[in-house]
*Asks:* 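There's a structure below that I have some questions on.
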Number of protein chains: 2
Amino acid sequence: MFEVFFSQVKDKVLLSEAEQKLVKTFFSPKKIRKKQYLLQEGNICRHLAFVEKGLLRSYNVDEKGVEHMIHFAWEGWWMADMLSFLSDEPSTYHIDAIEEAELLLISQTDFEKMLLKVPVMERYFRILFQNNIISKERRLISSITNSAEEKFLHLSATNPALIKRIPQQLVASYLGITPETLSRIKKKLAKGSSKT
Amino acid sequence: MFEVFFSQVKDKVLLSEAEQKLVKTFFSPKKIRKKQYLLQEGNICRHLAFVEKGLLRSYNVDEKGVEHMIHFAWEGWWMADMLSFLSDEPSTYHIDAIEEAELLLISQTDFEKMLLKVPVMERYFRILFQNNIISKERRLISSITNSAEEKFLHLSATNPALIKRIPQQLVASYLGITPETLSRIKKKLAKGSSKT
DNA sequence: GCTAGGTCTTGAGAAAGGTTAAGAAATCAA
DNA sequence: TTGATTTCTTAACCTTTCTCAAGACCTAGC
């Protein structure tokens with residue numbers, strides 16, 4: 001159950017056998033089905049979720065009822081509404097499963113406990129957050145500076161796996177464009193590249 | 001010189017006198033004039049900069065020569081290209097001073113040393129990065145989901161100080177819209193609210 | 001194999017925002 | 001204080017993207 005988890009953690013920090021054992025005790029496994037909620041808007045995000053298997057998404061819904069994709073997380077990634085998790089405020093997000101998933105959950109208090117008892121995990125999360133900042137910044141810059149077509153090309157270049165695995169309408173939402181626009185862009189790009 | 005710095009750090013973690021003394025040794029002060037560069041595109045970002053006084057901006061320049069604002073940092077904020085700083089890759093950003101500034105700089109190696117010697121600073125940066133993730137996420141969501149007018153209103157609500165202190169064309173760039181559009185939006189909002 | 005539900009594509013018209021250009025206002029230095 | 005420089009505003013026109021609507025495609029369950 002912890003295979004993906006520890007391979008991820010060991011990518012970033014060194015962990016003794018004893019520390020591993022201790023870390024394990026803070027997590028509890030959970031399976032969720034396709035379309036099942038892990039978190040609904042208005043509730044407090046009480047856990048960080050690590051994805052051992054499957055695929056989650058987080059999104060919010062605007063006044064017009066339109067969903068806006070915020071994140072996707074598959075094997076090896078974390079998922080949560082960090083704001084709600086850290087501040088104890090009701091979340092403005094939904095989190096649910098796009099594909100059936102196996103998760104490792106850690107609660108707010110256990111998270112704090114773990115960081116204090118296993119300082120190397122404090123380091124792990126500092127590094128994780130660093131990387132997260134960098135990737136968010138890239139996405140933000142692309143969102144601010146690029147046209148719809150450029151945004152799609154940028155995503156194709158930086159995260160081709162996402163485009164393969166995520167349904168197209170959700171990719172469009174993630175890019176902040178409409179499904180129709182994305183469809184047209186793909187058509188145009190296909191035409192331009194294949195000169196049979 | 002360290003007044004703003006320690007008041008900031010103590011906001012997030014507890015620091016003993018000895019730790020404070022030790023932390024100080026890793027930083028060096030630097031003053032820069034208005035319009036002076038702290039980092040230019042193509043160079044490696046070798047320092048994190050803490051702003052004791054003044055105002056910095058980071059931005060990139062696209063193929064057409066248009067500047068896109070990424071961040072602003074004034075008293076109490078950090079500034080760097082985290083990607084370049086952490087990965088040792090050449091930066092794609094420029095950083096310069098909008099207002100004359102007094103900074104505290106810490107190098108890459110000193111940063112790593114400090115975190116290892118003063119674990120509470122590891123914690124400080126984990127918390128700092130957490131908060132950064134949350135605010136970046138908010139900006140990203142606003143950028144993806146909102147119209148130009150809504151983006152401006154969102155920024156006015158969440159960060160009025162920014163709008164007051166930053167020249168308007170730079171605010172427009174920060175929002176990913178043109179100065180002309182921002183000017184039109186402000187006119188429209190002023191008209192709507194003042195019914196004399 | 002057939003049908004229901006979802007997903008993707010396509011087209012026409014509308015709206016938002018960008019571009020270009022010119023002038024007004026504010027700022028700064030001589 | 002006055003000319004020079006920069007910033008902000010305004011207007012006409014143009015491009016991109018969205019909206020709405022219809023039809024094609026695809027897949028799962030019967």
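Order of the sequence lines sets the chain letters (A, B, ...), proteins ahead of strands, with each chain counted from 1.
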*Asks:* Give a yes/no verdict on a cation-pi contact between A:Arg57 and A:Tyr174, requiring under 6.0 Å between NZ or CZ and the six-membered ring centre and an angle within 45° of the axis.
*Replies:* no
*Asks:* Check the distance between D:dT9's P and B:Lys188's NZ and give it to me in whole angstrom.
*Replies:* 16 Å
*Asks:* Looking at B:Thr181, does any N or O in its side chain come under 4.0 Å of the phosphate oxygens OP1/OP2 on C:dG18?
*Replies:* yes
*Asks:* Between B:Met69 and B:Arg139, which heavy-atom pair has the shortest distance, and what is it?
*Replies:* O-NH2, 3.5 Å
*Asks:* Return the nearest nucleotide to the side chain of B:Gln168; candidates are D:dT9, C:dT19, D:dC20.
*Replies:* D:dT9
*Asks:* Does any donor atom in the side chain of A:Glu137 or B:His71 lie under 3.5 Å from an acceptor atom in the other side chain?
*Replies:* yes
*Asks:* Distance check needed: C:dG11 C1' versus A:Ile185 CD1, whole Å only.
*Replies:* 17 Å
*Asks:* Write down the distance between CG (A:Leu175) and P (D:dT17), rounded to a whole number of angstrom.
*Replies:* 12 Å
*Asks:* Distance check: side-chain N/O of B:Lys187 vs OP1/OP2 of D:dA11, anything under 4.0 Å?
*Replies:* yes
*Asks:* Please state how far atom NZ in B:Lys35 lies from atom P in D:dT7, giving the value in whole angstrom units.
*Replies:* 6 Å
*Asks:* Using whole Å, what does the distance between atom C1' of nucleotide D:dA21 and atom CD of A:Glu180 come to?
*Replies:* 10 Å
*Asks:* Using a heavy-atom cut-off of under 4.0 Å over every strand shown, decide if B:Ile177 touches base, sugar-phosphate, or nothing.
*Replies:* sugar-phosphate
*Asks:* If the cut-off is 4.0 Å, is B:Ser183 near the phosphate of D:dC8, judged by side-chain N/O to OP1 or OP2?
*Replies:* no
*Asks:* Would a distance-only check, ignoring hydrogens and angles, find a side-chain to backbone donor-acceptor pair under 3.5 Å from B:Glu52 to B:Val4?
*Replies:* yes
*Asks:* Starting at atom CD1 of B:Ile166, determine the distance to atom P of D:dT7, rounded to an integer number of angstrom.
*Replies:* 13 Å
*Asks:* Compare the minimum distances between each of D:dC18, C:dT19, C:dC28 and the side chain of B:Lys34, then state the nucleotide with the smallest one.
*Replies:* C:dC28
*Asks:* Return no unless some side-chain N or O of A:Gln169 is found under 4.0 Å from OP1 or OP2 of C:dG6.
*Replies:* no
*Asks:* Please pick, from D:dT9, C:dA12, C:dG17, the nucleotide with the shortest atom-to-atom distance to any side-chain atom of B:Ala148.
*Replies:* C:dG17
*Asks:* So, are A:Arg46 and A:Asp81 salt-bridged, with charged N and O less than 4.0 Å apart?
*Replies:* no
*Asks:* Check the distance between D:dT6's P and B:Leu170's CG and give it to me in whole angstrom.
*Replies:* 14 Å
*Asks:* Take the protein atom NZ of B:Lys186 and the nucleotide atom C1' of C:dA25, then report the distance between them rounded to whole Å.
*Replies:* 14 Å
